[in-house]
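Let me begin by presenting the structure, written as structure tokens, before commenting on it.
Chain letters run A, B, ... following the sequence lines, proteins first and then strands; every chain starts at 1. What you are looking at is a predicted structure, and each value in this text was computed from that prediction instead of being measured.
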Amino acid sequence: MRDFPLFPEQASTFAGPVDALYWTLVGLSLIFGGVLPFIILYLMVRYHRSQKADRTNQVHSSLPLELTWTVIPLVLVLAVFFWGAFLYIEIRNPPDRSLEIYVIGKQWMWHVQHPNGKRENNELHVPIGQPVRLVMTSQDVIHSFYIPAFRVKQDVLPGRYTTMWFEATEPGEYHLFCAEYCGTEHSLMVGRVVAMRMADYERWLTTPGEIILPDGSTGGAVASPLVGAIGDPMVLAGSQLFATGLGCASCHRNDGLGIGPNLEGIYGTEVRLDNGELVFADENYLRESILNPAAKVATGYANVMPTYDGQVSEDQMNQLLAYLKSLGAADAE
Amino acid sequence: MTHKEHEHAHAHIGPATYYKIFAALMVLMFLTVGAWWVETVVEIPRALGVFIALVIASTKTVLIVLFFMHIKVSSRVVQLYAIAALFGLLFLFVITMGDYIARGWPPQLGPLP
Amino acid sequence: MRRGREAHPPASRIPHPAARILVSKEKILATTTTTTSPHGHADHGHAAHGPELQHHFCTPAQQKEAATLGMWVFLVTEVMLFGGIFMAYAVYRWAFPEVWAEAAYHLNTPLGTINTVVLLVSSLTVALAVSAAEAGKRTRVIQLLLVTMVLGVAFLGLKAYEYSEKFSHCAGYSTPAQWVGGGEQHAVYECLVPGQAFLFPADKTTGVSNAPTVAGQGTPYQLFFFLYFVATSLHAVHMLIGLTIMGYLAFITWRGVITPTYFTPIEIGGLYWHLIDIVWVFLFPLFYLVH
Amino acid sequence: MATTALPGHNYLQDDASTVGAWFKSWFLTVDHKRIALLYLLSINVFFLLGGLAATVIRVELITPQGDLLSADLYNRAFTLHGIIMVFFFLIPGTPAVLGNFLVPLMIGARDMAFPRLNLFSWYLYMAGGLFALTAAIFGGVDTGWTFYTPFSSTYANSNVILTIAGAFIMGFSSIATGVNFIVTIHTMRAPGMTWFRLPLFIWSSYATSLIIVLATPVVGITLLLVAIERIWGVGIFDPALGGDPLLFQHLFWFYSHPAVYIMILPGFGVISELIAAFSRKRVFGYEFIAFSSMAIALLGFLVWGHHMFVSGQSVYAGLVFSFLTMLVAIPSAIKIFNWTATLYKGSISYRTPMLYALGFMGLFVIGGLTGIFLGIVAIDIHVTDTYFVVAHFHYVMVGGAIMAYLGGIHYWWPKMTGRMYSEVWGGISALIIFVGFNMTFFPQFVVGYLGMPRRYHVYPEEFQVLHVLSSAGATILAIGFIIPIIYLTLSLWTGKEAGNNPWDATGLEWQVSSPPPTHNFLEIPVVTTEAYAYAPDAAEQDAANWRPGSPL
Ligand code: HEA
Ligand code: HEA
Ligand code: CUA
Ligand SMILES: [Cu+2]
């Protein structure tokens, strides 16, 4: 009970704007919530039955009055609505050059993997001054990734990806909470977010830490070489899965001669399906194409790809995605 | 008002009307099955097929509600409540489907993530 | 709003010591006056009108309007109840149109069509029963209600057959009879009942030769059959309730409760039956007639 | 009950000579007033149970460690608290108790349109309650009152099905009440009782019933689907089965957002009655208050997605829901302003019901305004699923709905029982509740904005001060709730006779004896004036007649 704050720290680019809107609302509320009670109190005292006051000429209805107190609140709420709406759109639109970090929620821990393969549990290290985009999914029930100091929160759903972005501004350690009720140890599904300078972050990325296995458990005290401890770089792991582990490459050849389409550069493009529709190839589309290929068949190809449902873990799925995306990035350069 | 309003016996829907409505219902039913039959042979856009089926079903409903269920000759309040359900469903469907179409579940998320 | 203020009520009469109408102590205006309504409590009995008029209503017309409106409001809730299922249906059909087309192919459309006819006829007989009741033709009412019940049972019978066929396929037999009698095995290995054993056969007609010929529980095929079973069984439960109501109506008609002046029960019972019919009118094209 | 001294021929009296006959006369009664009393008793028992769970929650939260309860027990405690308070206390609360008692009396009818359905709805309520309690006794549920899938359908290992059955059955009880109100208000009005002569309580009850009828079945079927998914492992809400968990949330909130208006609208009605009666004035802007109830009922159906801003619904949906949420606040604002204007030039007395009405105004405004905060997505992203939300809904539900419920109980108590209660104690307890309430829930806004997530029994140490404050407030609040139970119960024996119209109020219910006769009106009244037909000089007269020593 050392210190007890009354207002949360501001540690991301959103914190300022959100708090500004918040204080504006508090101010507006004081007009109604603070002044109205005093008007009521005044009227109560003034017109108490023991008070001599003028009670003649009572009015029972007045259209101008009604309109006034309909229109003024309406204008006010619409004003704050638009303010909030633009902020909201910003919160939901990650900038192009953001660092992508993969998050898996499961009862009751957070499992994080950085692009270079470094994994961590219940902790998230991020650089400051750099937009970070989290690609999140859950292995079981709905969780919610919440960093109060950054004013960001997003539910994490099983069976699909949700994303969230932020840019930390202040180095420091902040709370990380699971905000969606997810069962017995919901309140223990907490951790910390460490925001650090870019250089520190890069150093941290390459430092071996505790060994964290893909299933999220921490490994035994095995002295292991650097790479093993950090984990496989995601793209590399993904490419291994693609080439040999799962045998994708037997059909998806990059010369375009395979049974399946060439997947180079597919991420972030629009794919035409055999029923003529266009779909945007984002994480969720790629995921579905792997787990349930029959649902959306690329035009010009037969629906022969087997389902990998049950064969790839969420962790491997993330690695495959990282690999597929890297194909796109390579293409773009 | 409630006491006065219904003194007059409500207008009458008799067996003759019932038979006619029934005939219309049967025709509509064969239309809808027929349309389905035709669609197995002739390719039409999927949405159109759904649309045809739903229009026919709604027509049948309107006939049943108006005549078999006497809404045509019921009091105004009862008529209003017959429509109320429609509004309830409308709210539910339009808004929920609105979210799904904008969200694109599954799988692609649309232009905004 | 000064409306009504001028209308000072005439001084109240005090009708009964237990119900002193408070004649306002100069400050307030009494909002009521009493009438010389024939419905004073003391003489309020069942003698003045038919036994069916309940004590708290003033006129049979009022009672009838209340009953009709009540039934309709209840029907609104029924529509919303099915609305939840239709909502789920809409979402998943929108998401998986192909799956829907393939899955619907496995429902028994001819049987569904026959059932639609059966239900439409039963709606007609119910409507005619109301007419007959209005005309005071008691035996005809009973006949029509019984025909309705027979049709309802026929519907449920066909439905039960459809269900049992699906279940017997899961057990590996072609027909329910063979399942019971231990006959030959079903040619196609399929199980369309949602659950652990769910197996959706690769469909020859659509020309797709999906490598695994079956799809497991996690696929959208399962959604179709889940919705099919839930919607039709909820409908069947309503049919059962409807049958009970019809039986009850036939019984009270036989007992002579229904008269040309009092046939509200038949009317509102009929409303319920028609609603079940309407639900089916939607279920049929949405499940059996999909491409 | 010792009602011998009261006017004869009232509905409380029994001709029953044997115990069996007495039971029959109460438990098989079709009299809406007796059913209201059955509801009053049973609902208050549930409130105490819910309050007990709240007590457990607050005690646990005094320390940041989970020392009193295990995580599991804590989850079961707040789930029980939420389910009981929402489904078994507040949703049936005002409509089933006050509504049942008053609707026929206020419109000049002898009973509800369907008296037996009315009784049946009480039995359904009890059956639903029994299921929920059985579930609680056999280990409880740990899903939260929102039953989010796939947790509730697959992962929870507690008595989900029993609880769902309870909520499902209770839903039908609610529907029965709603249907009954609608039909009664449409068809049973006394001659001359036109729509614009109806008391505002009737308008709000009507709007409430409309919501009940349109929304409740949807949650019924949704919960049924969850139960099926749970029992047979087949379903449509679990992604592992190919389904979408957000569909559940859509269907659930399609009911549960309108349901919050089921809780508050009858309260609005009560407040309109109280403000008019204790200002001795016609309600200001009658039509606007009446129509705003209907507007809330309609708009309330369009905003449910504001509970799903971070759930993964589309950005467009978020914007639309946020916009509509702003609109739904306006009718509530209209009501608040009209009530304030009613006070102007009134002759106000500080009787107990009025104290509750004033408490309502202050607290509901805070609750409602923080609802606006939540309705703005950018803010909601930060505060959703934190104590900010917890504070918001306790302000509207406890500070709003319960204040109105208590105010209503105090106002019509003399009519229900024929006895007055101690106004001194009434004032004291109203004050204690007000103070305790603010102390309990105001700190939660602060701790919520700091980031304290809800449904946490272990929390970071820096939040402790605020939690201790909140728990201390809850103790005061509990005392405040227990006092009325005591003095109201005592008043049954010791209270002085109330007389027909102890508040000098208008309205048909005050024209019959207290307690009213079994069939309400020996002769159906003919209504010639509007609901709040105070003389133009009623307020003046009242103030002129005030002498030191008359009630304040
Ligand atoms: C009685 C119950 C009740 C009532 C009446 C309300 C009323 C409102 N509620 Fe609340 N709400 C709940 C019960 C209620 N709520 C519950 C139980 C939850 C949580 C459920 C859960 O997750 O467990 C919740 C959650 C909740 C959320 C979701 C939060 C989240 O989970 O992230 C939101 C978001 O928009 C919201 C908004 C509103 C709004 C805008 C109103 C409006 O109707 C309020 C309107 C009133 C006013 C605005 C005040 C009076 C007006 C004036 C004084 C005039 C001046 C006004 C202006 C200038 C605008 N509520
Ligand atoms: C009508 C609705 C209602 C009411 C009246 C209350 C009343 C109270 N609530 Fe509740 N609350 C909810 C509805 C309500 N709540 C809901 C819907 C939730 C969300 C649940 C969820 O997350 O799923 C919630 C959650 C909730 C939480 C958050 C839990 C969490 O997220 O971890 C807290 C914490 O402080 C809390 C506290 C209180 C308190 C102190 C009261 C006090 O006002 C209670 C005061 C009353 C008493 C204390 C009763 C007095 C009696 C006794 C003390 C016992 C005597 C008993 C016998 C003799 C049998 N409530
Ligand atoms: Cu994970 Cu709460
Ligand atoms: Cu809401």
- Item | Student check: side-chain heavy atoms of A:R151 and D:I381 closer than 4.5 Å | no
- Under 4.5 Å to a heavy atom of chain A? For D:I372 that would be side chain
- If you tally heavy-atom pairs under 4.5 Å between each of D:V446, D:I379, D:V365, D:D72 and chain A, the highest tally belongs to D:I379
- Query: Is there a side-chain contact between A:D140 and D:Y155, using heavy atoms and a 4.5 Å cut-off?
  - Reply: yes
- Message: At a 4.5 Å cut-off on heavy atoms, which part of A:L74 comes close to chain D: side chain, backbone, both, or neither?
- Response: both
- Separation between OH of D:Y344 and CD1 of A:I39, rounded to the nearest 0.5 Å: 12.5 Å
- Query: Is D:Y286 reaching over with its side chain to a backbone N or O of A:S61, donor-acceptor style, under 3.5 angstrom?
  - Reply: no
- Any side-chain heavy-atom pair of A:I142 and D:P150 under 4.5 Å: yes
- Query: Using non-hydrogen atoms only, which part of A:L76 is less than 4.5 Å away from chain D: side chain, backbone, both, or neither?
  - Reply: neither
- Is it the backbone or the side chain of D:L450 that comes under 4.5 Å from a heavy atom of chain A, or both, or neither? both
- Geometric class of the A:H48/D:Y350 ring pair [parallel <30°, tilted 30-60°, perpendicular >60°]: tilted
- Spacing of CD1 belonging to A:I40 relative to CD1 belonging to D:I336, to within rounding of 0.5 Å: 7.0 Å
- At a heavy-atom separation under 4.5 Å, does D:V383 approach chain A through its side chain, its backbone, both, or neither? backbone
- Message: Given heavy-atom pairs under 4.5 angstrom as the criterion, report whether the side chain, backbone, both or neither of D:M361 touches chain A.
- Response: side chain
- Is the shortest heavy-atom distance from the side chain of A:S187 to the side chain of D:Y74 under 4.5 Å? no
- Query: Got a donor-acceptor contact below 3.5 angstrom from the D:N75 side chain to the A:T184 backbone?
  - Reply: yes
- Message: For the OH atom of A:Y146 and the NE2 atom of D:H382, what is their distance to the nearest 0.5 Å?
- Response: 4.0 Å
- Note on the structure: Under 4.5 Å to a heavy atom of chain A? For D:R76 that would be neither
- Query: So which part of A:L6 gets closer than 4.5 Å to some heavy atom of chain D, the side chain, the backbone, both or neither?
  - Reply: both
- Item | Interface moiety of A:Q107 toward chain D, non-hydrogen atoms closer than 4.5 Å | side chain
- Item | Contacting region of A:H175 [heavy-atom separation from chain D under 4.5 Å] | side chain
- Task: Answer yes if the side chains of A:Y88 and D:D380 hold a donor-acceptor pair under 3.5 Å, and no otherwise.
- Result: no
- Check whether D:F364 gets within reach of chain A through its side chain, its backbone, both or neither, counting any heavy atom under 4.5 Å. neither
- Message: A side-chain contact here means heavy atoms from C-beta on lying under 4.5 Å apart; do D:F278 and A:M44 qualify?
- Response: no
- A:D155 and its side-chain contact (heavy atoms from CB on, under 4.5 Å) partner, picked from D:L246, D:V310, D:T384: D:V310
- Note on the structure: Looking only at D:P460, D:G368, D:S292, the option with the highest number of non-hydrogen pairs under 4.5 Å against chain A is D:P460
- Task: Supply the atom-to-atom distance A:L25 CG to D:L369 CG, rounded to the nearest 0.5 angstrom.
- Result: 9.5 Å
- Task: With a 4.5 angstrom heavy-atom cut-off, could you sort out which part of A:L41 is near chain D: side chain, backbone, both or neither?
- Result: neither
- Rounded to the nearest 0.5 Å, the CG atom of D:L324 sits from the CZ atom of A:F81 at a distance of 8.5 Å
- Query: Side chain, backbone, both or neither: which part of D:N157 has a heavy atom under 4.5 Å from chain A?
  - Reply: neither
- Item | Atom group of D:S279 that falls short of 4.5 Å from chain A, counting heavy atoms | neither
- Query: Given that the side chain runs from C-beta out, which part of A:V156 has a heavy atom under 4.5 Å from chain D: side chain, backbone, both or neither?
  - Reply: neither
- Side chain from CB out, backbone as N, CA, C, O: work out which of these in A:I91 comes under 4.5 Å of a heavy atom of chain D, or both, or neither. side chain
- Item | Interface moiety of D:Y148 toward chain A, non-hydrogen atoms closer than 4.5 Å | side chain
- Atom group of A:Q154 that falls short of 4.5 Å from chain D, counting heavy atoms: both
- Residue pair A:R92 / D:V377, side-chain heavy-atom distance below 4.5 Å: no
- Quick one: what part of A:V152 sits under 4.5 Å from any heavy atom of chain D, side chain, backbone, both or neither? backbone
- Turns out that what part of A:M189 lies under 4.5 Å from chain D's heavy atoms comes down to backbone
- With a 4.5 Å limit on heavy-atom distance, are the side chains of A:S62 and D:F284 in contact? yes
- Query: Is the A:Y181 ring parallel, tilted or perpendicular to the D:F151 ring (thresholds 30°, 60°)?
  - Reply: perpendicular
- Got a sec: does the CZ of A:F38 have more than 12 other heavy atoms crowding it under 6.0 Å? no
- Does any heavy atom of chain A fall under 4.5 Å from the side chain of D:A329, the backbone, both, or neither of them? neither
- Query: Which region of A:Y22, side chain (C-beta onward) or backbone (N, CA, C, O), has a non-hydrogen atom less than 4.5 Å from a non-hydrogen atom of chain D, or is it both or neither?
  - Reply: both
- Query: So how far is it from D:R455 CZ to A:E180 CD, rounded to the nearest 0.5 Å?
  - Reply: 7.0 Å
- Relative to chain D, which segment of A:L21 carries a heavy atom at a distance below 4.5 Å: side chain, backbone, both, or neither? both
- When the 4.5 angstrom heavy-atom criterion is applied to A:L65 and chain D, the contacting part is side chain
